[in-house]
There are 2 protein chains.
Amino acid sequence: MADFPSALQRFPVTVDIVALTVRDDVLNVLLITRLIEPFRGRLALPGGFVLAGEGLGEAAIRELAEETGVEQVPGHLEQLQSYGPQGRDPRGDVLTVAHLLLAPDFPVLSAGSDAEQAAWCPVGDVLAGERHLAFDHARILVDAVERARSKLEYSPLGAAFCGEEFTIAQLRAVYEAVWGTRLDPRNFHRKATGNPGFLEDTGRMTTGDAGRPAALFRLAAEARSAAGEPVRAVLNPPLMRPHS
Amino acid sequence: MADFPSALQRFPVTVDIVALTVRDDVLNVLLITRLIEPFRGRLALPGGFVLAGEGLGEAAIRELAEETGVEQVPGHLEQLQSYGPQGRDPRGDVLTVAHLLLAPDFPVLSAGSDAEQAAWCPVGDVLAGERHLAFDHARILVDAVERARSKLEYSPLGAAFCGEEFTIAQLRAVYEAVWGTRLDPRNFHRKATGNPGFLEDTGRMTTGDAGRPAALFRLAAEARSAAGEPVRAVLNPPLMRPHS
DNA sequence: TCAAAAGTGTTTAGCGTACACCCATGG
DNA sequence: CCATGGGTGTACGCTAAACACTTTTGA
């Protein structure tokens with residue numbers, strides 16, 4: 001069996017995770033405060049080096065667990081894009097494979113220890129440049145948000161932001177937060193429920209809220225992503241975002 | 001300034017290029033025949049190791065030039081996805097960043113020498129499994145074709161398969177080849193020409209062909225990709241592919 | 001004059017949008 | 001009873017699809 005070329009260049013490889021959720025009707029991203037150089041004290045995307053014997057997805061899940069304390073992947077994880085290896089890290093060339101996580105508002109580890117502290121931050125504030133992100137993470141975040149926006153149009157992944165069971169209004173709030181628009185509740189209801197293979201009625205209802213109780217839905221079985229595999233199901237017709 | 005962790009794992013990184021074009025009304029992919037182990041004699045995507053001091057896009061362009069003889073990027077190049085590093089290469093863990101090139105039917109280097117020989121192959125034949133590709137290149141090809149198909153719907157990149165100037169019928173042939181469908185010439189003509197910011201009439205006409213001469217168009221300035229940057233312009237309304 | 005391909009006009013059916021309206025609960 | 005939000009019905013305008021028809025060339 002052949003071997004690698006002798007003068008072969010090798011690169012450190014990291015995974016970064018852009019974890020998005022909807023909190024208080026606003027899109028939020030999970031950021032950590034860096035405790036070590038470079039960029040010590042700055043906000044950054046959670047992530048870290050890929051270890052020997054690891055796949056990219058595995059590394060992303062491990063890093064997420066280490067920095068937030070989640071045991072399982074709390075939503076939908078997919079690869080976003082790779083960046084580098086040039087000019088990203090003052091220590092040298094590093095290739096990073098960015099990942100996108102769409103998840104409900106899960107609690108993050110708030111260890112009072114010296115562990116890196118993760119926290120949800122409104123995407124709008126971060127992109128407005130109030131807090132500069134480490135490395136090229138601002139650019140990665142921009143790409144991630146744009147990907148998330150278009151994903152909602154033609155895939156059932158909006159439901160990844162909700163819990164196991166949700167109302168149509170909660171799902172609509174997700175779309176409104178991610179797209180930054182207002183949607184007609186009545187037309188949205190029809191489009192969402194009328195889309196074959198998207199939602200499943202659980203038969204249960206909300207109770208205790210103001211107004212008429214809402215039916216609880218779950219993501220249809222055929223629209224759920226199977227263990228890290230990409231969601232093949234497509235929204236047909238798509239839920240188009242209102243174009244400017 | 002901080003340094004990398006001492007026990008840091010480093011990986012060889014390759015770029016692979018899925019170069020697609022339309023030849024004889026069929027989608028084709030550029031493949032090389034491997035002259036060295038592993039997978040010697042098998043068909044593979046063009047590509048190779050990323051060198052020190054190189055960005056991913058640069059490496060893709062260099063490898064394409066080395067293996068096909070093209071001097072400039074002959075079409076639209078964009079990053080597809082990364083694969084690995086586990087279980088892809090019998091020599092060890094290798095991360096690959098796959099790229100997608102949509103280009104007109106450019107001539108490939110047919111050196112009679114011992115250089116790797118590149119050739120256009122119909123995608124349908126390759127995916128039918130008549131010729132097994134090296135590494136995980138069959139899977140990469142599947143992902144690339146699916147990406148190309150959806151790109152045509154909402155981006156002006158169909159024109160990347162045509163030359164500088166083209167007729168509406170040539171552009172329609174691209175869509176038909178990539179989607180594997182037939183489109184109504186008259187409705188397609190209206191959709192394509194009626195899309196603001198997509199096509200520009202050159203004022204010139206074809207001549208010499210059978211039938212009425214056709215107007216020659218070029219891609220509108222605002223729809224051209226600026227030096228490796230992603231095409232931001234979006235087809236509005238999209239050219240939807242007929243769904244089953 | 002005919003064949004072939006380009007391009008335009010017209011009809012129809014379906015969908016997105018807007019919005020009136022009714023339903024079911026909590027206070 | 002009223003406010004609040006859930007859910008349905010309906011009218012209108014736009015667009016995709018189908019296809020008849022005209023235009024302009026080569027043979």
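Throughout, protein chains are lettered first and strands after them, A, B, ... in sequence-line order, and every chain is numbered starting at 1.
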Annotated protein contacts, base or backbone, on nucleotides 20-27 of chain D with a non-hydrogen cut-off under 4.0 Å, one of B, S, - each: BB-BBBS-
For A/Asp201, enumerate each residue passing the side chain to side chain donor-acceptor pair (under 3.5 Å) test, keeping only those at least two apart in sequence or located in another chain. none
Listed partners of A/Glu78 passing side chain to side chain donor-acceptor pair (under 3.5 Å), at least two apart: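 In terms of side chain to side chain donor-acceptor pair (under 3.5 Å), with neighbours along the sequence ignored, A/Glu78 is linked to A/His76, A/Arg147, A/Lys151.
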Selection from [options] that lies nearest to any side-chain heavy atom of [X]:
X: B/Arg190; options: D/dT8, C/dG7, C/dG9; value: C/dG9
X: B/Arg172; options: D/dG7, C/dA6, D/dA18; value: C/dA6
X: B/His189; options: D/dT8, C/dG7, D/dA17; value: C/dG7

Would you mind reading off the distance between B/Ile168 atom CD1 and C/dT8 atom C1', rounded to a whole angstrom?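 These atoms are roughly 14 Å apart.
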How long is the line joining CD of A/Glu176 and P of D/dG5, in whole Å? 13 Å
Mapping B/Asp184 and A/Phe217 to their closest nucleotides on DNA chain D, which lands nearer the 5' end? A/Phe217
Quick one: salt bridge (Lys or Arg N to Asp or Glu O under 4.0 Å) partners of A/Arg62, sequence neighbours excluded? A/Glu54, A/Glu66
Taking only residues two or more places apart in sequence or in another chain, which ones pass salt bridge (Lys or Arg N to Asp or Glu O under 4.0 Å) with A/Asp125?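 With sequence neighbours excluded, A/Asp125 shows a salt bridge (Lys or Arg N to Asp or Glu O under 4.0 Å) to no residue whatsoever.
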State which residues pass side chain to side chain contact (heavy atoms under 4.5 Å, CB included) with B/Ala214; sequence neighbours excluded, sorted by chain then number. B/Thr167, B/Thr206
Under a 3.5 Å cutoff, is there a donor and acceptor pairing between the side chains of A/Asp143 and A/Tyr83?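 Distance-only check passes for A/Asp143 and A/Tyr83.
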Where each residue is assigned the nucleotide of DNA chain C containing its nearest heavy atom, which of B/Thr167 and B/Asn187 is assigned the position nearer the 5′ end? B/Thr167
